[in-house]
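Since the structure comes first, as structure tokens, the remarks are kept for the end.
A, B, ... follow the sequence lines: proteins, then strands. Residue 1 opens every chain.
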Amino acid sequence: MIKREKVKELLLSEPGQEVLAKGWVRTKRGNKNVMFIALNDGSTISNIQIVVDVPVFDEDMLKEITTGASIRVTGKLVKSQGQGQSVEIVARELEVYGTCDPEKYPLQKKGHSMEFLREIAHLRPRTNTFGAVLRIRHAMAFAIHKYFNDRGFYYLHTPIVTGSDAEGAGEMFRVTTLDLDNVPKKADGSIDYSEDFFGKETNLTVSGQLEGELGALSLGEIYTFGPTFRAENSNTPRHLAEFWMIEPEMAFYDINDNMDLAEDLTKFLIRYALDNCSEDLEFLNRMIDKGLIERLHFITDNDFVRTTYTEAVKILEKAGRKWEFPVSWGNDLKAEHERYLVEEHFKRPVMLTDYPMGIKAFYMKQNDDGKTVRGLDVLFPRIGEIIGGSQREEIYEKLEGRIKELGIPEEDLWWYLETRKFGSVPHSGFGLGFERLILFVTGMSNIRDVIPFPRTPGSAEF
RNA sequence: UCCUCAGUAGCUCAGUUGGUUAGAGCGUCGGACUGUUAAUCCGUAGGUCGAAGGUUCGAGUCCUUCCUGGGGAGCCA
């Protein structure tokens, strides 16, 4: 019995041996005498060609070999007579595992629109584009763990269900086992969460940061990498209701250490893709985004710009153009401003720091000027904000003061505040949007096409 | 959520100032071709024109509402 080999391995094997391959038929063509099957098993973007001497095989069985059908083939691996592939399999035995009605199977040899493929998310991984994207997504996930593991960071599992609604990053999804048709009420008419599963109000997490900080303040350097949820009614090619985020938190890092890590990590990940996903990237570069590989090299080969919010505002004021949203110190930068800085002024990734306190979260380290905080946004071409982070406020009084000013329920954060009482240290961290990274690395234009099963407002099929 | 564009065959689209039986390419199916590469060539089938109202002698085409999708904006990763 011959061992089954994956297409990826077969394509690199020496011709001459008997082989066994299994996979899905991409295309079939030929005539009465000879038939060619392009077989793919997901292991690589390339197909292996099966050559079939038609008269030798059962006609009805061959008719079942249609686009999308799954088959097993044994035969001799030989040097290809044709162009386009170095080796091919001359079939000796063929078996159809699962037929695939060509009248009903939605995938064709020709290209489909991304919008159509989104409607058949259960089948789209069988296309070249989605195969490439999902293999790269896997490689990036692996590279993230490798990067942090190699540098002594610990992978910390922060909770998905959170009892705190003070994570400060947008609308949350309620988690409850209460009977929604008969919700228990308190005397004053409000919902009685004491009868709920956790005995309190709970939600899906919008960020693992606060728990991540607890990890950093004990293990030193940690990272989280998991799903996060935002119940925002955001309908854009850059937002998902369920997305994955990488959140490192590091004790004894100031804002500059934080920036060093952010730049080094993103460059490492992009370099990893270039080194390990070249076939898939070449396909995407050819079919999806002609400037992709050049752009990736540009990122790894150049320093990111580091400047402050205040400097950025000055640049924008001097840009000599009309903004839809006026630029003035104290207002947050809008997409048009960020795009100008990254794509026109600096023409490379930009790291902005020291934002006005009023537009950033409560936990950011307050600067001595009393006006700004040590927030950090990393802006990428095409994507916009790919990373958001900060040095964290480690001084108890300042942190508590900010919480009070903003009216955040302090009792929900007692455990977070205690870290500032018991051996508090300067520390920093950031959140990297995984899908936004994948968007950049693959050249895809819609975030719904870089996650296998996207969740967006009004859409949770599959 | 706001602005904007779109929805016609399985897919991608065309369809004139409102006018008879609604078109193409690809795909499917049938046929031709001894080695194809998104094969090629000949032929076939395939449509409640997103939904509901309305205007009109007559609506794919005009109007209203709704649904779905794209792009832009806001919110953010």
Notebook entry, point to check: Given Watson-Crick or G-U pairs with both distances under 3.5 Å, what dot-bracket string fits RNA chain B, with | for other-strand pairs and [ ] for crossing?
Noted result: (((((((..((((.....[...))))..((((.......))))......(((((..]....))))))))))))....
Notebook entry, point to check: How would you label the contact of A/Glu324 with the nucleic acid (heavy atoms, under 4.0 Å): base, sugar-phosphate, or nothing?
Noted result: nothing
Check: Contact class for A/Phe325 vs. all strands (heavy atom < 4.0 Å): base, sugar-phosphate, or nothing?
Finding: sugar-phosphate
Next item on the list: Assign each of A/His112 and A/Asn33 to its nearest nucleotide of RNA chain B by heavy atoms, then name whichever residue's nucleotide is nearer the 5' end.
Entry: A/His112
Next item on the list: Mind running a 4.0 Å heavy-atom check of residues 78-89 of chain A against RNA chain B and sending the residues that fall below it, in number order?
Entry: A/Ser80, A/Gln81, A/Gly82, A/Gln83, A/Gln85, A/Glu88
Checklist line | Phosphate-side-chain proximity, A/Arg29 and B/A39, N/O vs OP1/OP2 below 4.0 Å | finding: yes
Margin query: Regarding A/Ser113, tell me which of base, sugar-phosphate or nothing describes its non-hydrogen contacts under 4.0 Å with the strands shown.
Written below: sugar-phosphate
Item checked: hbond_proxy A/Asn235 side chain to B/U1 base (donor-acceptor, 3.5 Å cutoff) -> yes
Next item on the list: For A/Phe116, answer base if it contacts any base atom (sugar-phosphate contacts may also be present), sugar-phosphate if it contacts only those atoms, and nothing otherwise; contact means non-hydrogen atoms under 4.0 Å.
Entry: sugar-phosphate
Notebook entry, point to check: What about A/Ser234, does its side chain sit under 3.5 Å from the base of B/C76 through a donor-acceptor pair?
Noted result: no
Checklist line | Salt bridge flag under 4.0 Å for residues A/Glu385 and A/Arg238 | finding: no
Note to self: Counting primed atoms plus P, OP1 and OP2 as sugar-phosphate and everything else as base, spell out the protein contacts along nucleotides 26-32 of chain B at 4.0 Å heavy-atom distance: B, S or - for each nucleotide, 5' to 3'.
What the structure shows: SSSSS-S
Check: Excluding sequence neighbours, so at least two apart, what forms ring pair (Phe, Tyr, Trp, His ring centres under 6.0 Å) with A/Phe462?
Finding: A/His122
Margin query: Once ring-ring contact (aromatic ring centres under 6.0 Å, His included) is applied, what residue pairs with a partner in residues 63-87 of chain A remain, sequence neighbours excluded?
Written below: none
Next item on the list: Assign A/Leu437 to base, sugar-phosphate, or nothing according to its heavy-atom contacts below 4.0 angstrom with the strands shown.
Entry: nothing
Check: For B/U37, does OP1 or OP2 lie under 4.0 Å from any side-chain N or O of A/Asn47?
Finding: no
Note to self: I need the full list of salt bridge (Lys or Arg N to Asp or Glu O under 4.0 Å) pairs touching residues 17-35 of chain A, with sequence neighbours left out, sorted by first then second residue.
What the structure shows: A/Glu18-A/Arg92
Between N or O atoms, less than 3.5 Å apart, protein on one side and nucleotides 43-52 of chain B on the other: list the pairs.
none

Margin query: Under the criterion of centre distance below 5.5 Å and interplanar angle below 30°, is A/Phe36 classified as stacked on the base of B/G35?
Written below: no
Checklist line | Residue-level proximity of residues 126-143 of chain A to RNA chain B when a heavy atom falls under 4.0 Å | finding: none
Check: Contacts to RNA chain B from residues 330-354 of chain A, heavy-atom cutoff under 4.0 Å, which residues?
Finding: A/Lys334, A/Ala335, A/Arg339
Between the protein and nucleotides 67-70 of chain B, which nitrogen or oxygen pairs come in under 3.5 angstrom?
unit_1	atom_1	unit_2	atom_2	d
B/G70	OP1	A/Arg118	NH1	2.6
B/G70	OP1	A/Arg448	NH1	2.9
B/G70	OP2	A/Arg448	NH1	3.1

Contacts under 3.5 angstrom, residues 51-69 of chain A side chains, donor-acceptor by atom type, not counting sequence neighbours:
unit_1	atom_1	unit_2	atom_2	d
A/Asp58	OD2	A/Asp60	N	3.4
A/Asp58	OD2	A/Met61	N	3.0
A/Thr66	OG1	A/Cys100	O	2.8

Notebook entry, point to check: For B/C33, does either OP1 or OP2 sit under 4.0 Å from a side-chain N or O belonging to A/Asn31?
Noted result: no
Item checked: Presence of salt bridge, A/Asp289 and A/Arg382, under 4.0 angstrom -> yes
Item checked: side chain to side chain contact (heavy atoms under 4.5 Å, CB included) involving A/Phe325 - partner list, sequence neighbours excluded -> A/Lys334, A/Glu336, A/His337
